[in-house]
Amino acid sequence: MFSMPNHWQEELLLFLGTVLIAGLAGTLAGQLLPCLLLGLLVYLGWHLYQLTRLPHLLGQDGRNGPRPMGLWKGIIRKIQDLHASHHTRNRGLSLQLDRFRDTVNTLPDAVIILHPSGRIDWSNPAAGKLLGVMWPGSQGRLLTVLVPDPVLGEYLASGDFVSPLVVTSPANRAKILSVFITPLAHEADRLMLVACDITRQYYLDAARRDFVANVSHELRTPLTVISGLAEQLNMNVPDPAILSRSTELIVQQARRMSELVSDLLTLSRLEVQQKSTPDEHVPIAELLTMIVEEARTLSGTAQHVLHLDLRSPEDLRGNAKELRTAFSNLVNNAIRHTPNQAEVTVRWQVDNTGAHFSVTDTGEGIAPRHIPRLTERLYRVDASHSRDTGGTGLGLAIVKHVLERHEAELEIISTVGRGSTFTCHFPPARVI
Ligand code: ADP
C-alpha cells in the first residue's frame, strides 16, 4: 500500500484545512469562489513567508528560519543534516590541515614551495636553520637572491632534477645538504625544494673511503715486498745468507699482514655486534696478572720494568674477551712506544666515581695535537715507527669500541718526552 511521508500528510491536511475553512466561510457568506481564492492566496502567502525566512536557516540562524510545518519540516531537516555533515567534514579537514602543518613544521628537513618565477611561496621553520629562508619574511622573495649559491642557482636553472644536489649550507658552513627538487603533483608549475642535512653521512662516507684506501695501502706494501723477494728467489739461486734474510723478511711481512687482517676482523666484529654480550664476572686481578706476564714476554730483551698496582679488590661486569683485548692493547702500546728498560705501571683502582684501569709509561709521549685523533682507525703519530714495532694502527680504535660497549671512556694524558697515561673509566654500575 502506498504510504505517504509524514510531512506530506501534514502538508495535505494544511492545504485541505485551508480549503475547507475557506469553503465553509464562502458557503456561509454566499461567496464561495472568492473565499476559496482568498484561502488559496493565504496558503500561497504562507509558503512565500516561509521562503523569505529560508536564508536565515541557510545562514545557520535556526530561530528566524521557516516554521517546521508540513513540507517545510522535511526541507528544514535536510538543510540541518547538510549543515551537520558539512561541519563534521570541515572539522576533519582542519584537523588534517593542522596535522600536516605540525608535521612539516617539526620536520628536520627544509621544505620550500617555489612559484614558477622562482619566488618563495611558502617555507617551513627548518628552511630557516638550513638555508636561511625565514617564514614569513621571505615570502615572495627570489630564492636565488636569498641563497646566492652559484651551484644551487645553476641547478635550479638547469631544470634537470633527476639526481639530488650536494651543497654546503649557506646558513651554517659546517653542514652539508642534499637538495631534492620535484614539481608539485597538483600544481606542476610549482616546485617543492627539500634540503636534508647529510653532514654525518657525508663524513662517514668520506671516512669509509679513506679507510678502504688506507687499508689497501697497508696491505699492498707487505705484498709488494713478499712478491718482489719471491721473484728474486725464483730467478737465481741465492747464497744461503741472502736466502735466510729473504725468508725472514717474507715471514715478517706475512705476519704484519696477518696482524692487520686479525685487527680488522676484531674491529668489524665489534662494529657489527650492537651490544656487548654476554655480561660476565671478570676477575680483574687474574686478568691483569696474565696481561702483565704476556707483556714481559713481549718486552723480551728490551727488559721493560713492569709494575702491577692492584689498589682495589673489586672486579668488573663485562665481556672478558673484549676487556682482555682492550687492556692488553694498552699495555702492549706502552711497551712498544717506550725505550728499553723503561718503567710501565698497570693500575686498577675503584672509588665512588667507578673503576679505573690505567697504564702509565715513561716513553716518548704524544704531542697534544695528536691526542684527539689517536682512536681513529689507522691513525699513527709516526707510521714507520708503529710498523717497525709491529703496530697496525687499529689498537686504540679497538680499545675505544670495547669501552663504548661497556659504557666506559678512555682518557689520554701525555707529555712529550716524559710519557703517557691511558686510563679506562668504568661507571660504578659495572663494578662487582
Ligand atoms: P699502533 O698499532 O700504531 O700502536 P694504536 O691505535 O694502538 O696503533 O695507536 C695509535 C698511535 O698512538 C700509535 O701509532 C702511536 O703513535 C700512538 N700511541 C699509542 N700508545 C702510545 C704510547 N703509550 N706512547 C706513545 N704513543 C702512543
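When a ligand or atom number is given, it counts from 1 through the structure's own listing order. For this chain, numbers begin at 1 and follow the sequence in order. Values below: all heavy atoms of this structure, side chains included; hydrogens, waters and symmetry mates excluded.
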For Ile398 and His401, run side chain to side chain contact (heavy atoms under 4.5 Å, CB included): C-alpha distance rounded to whole Å, both residues' side-chain angles, the deciding distance at 0.1 Å, then the answer.
CA-CA 5 Å; Ile398 292 174; His401 265 284; 5.8 Å; no
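For the ring pair (Phe, Tyr, Trp, His ring centres under 6.0 Å) condition, the pairs that include at least one residue of residues 285-331, sequence neighbours left out, are Phe327-Phe357.
Here Arg190 pairs with Asp121 under the side-chain hydrogen bond (donor to acceptor under 3.5 Å, both in side chains) rule; sequence neighbours left out.
The main-chain N or O of Ile284 is found under 3.5 Å from a side-chain atom of Asp315 such that the two form a donor-acceptor pair.
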Tell me which donor-acceptor pairs under 3.5 Å the side chains of residues 135-156 have, and how far apart each pair is, sequence neighbours excluded?
from   : atom 1 : to     : atom 2 : distance (Å)
Ser138 : OG     : Met134 : N      : 2.9
Ser138 : OG     : Met134 : O      : 2.6
Asp149 : OD1    : Val151 : N      : 2.9
Asp149 : OD1    : Leu152 : N      : 3.4
Tyr155 : OH     : Ser163 : O      : 2.7

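Protein residues with a heavy atom under 4.0 Å from ligand 1 are Asn333, Ala334, Arg336, His337, Asp361, Glu364, Ile366, Leu374, Tyr379, Arg380, Val381, Ser386, Gly391, Thr392, Gly393, Leu394, Gly395, Leu396, Ser420, Phe422.
Separation of atoms CD1 (Ile371) and CD1 (Ile413) is listed at 8.5 Å; rounding is to 0.5 Å.
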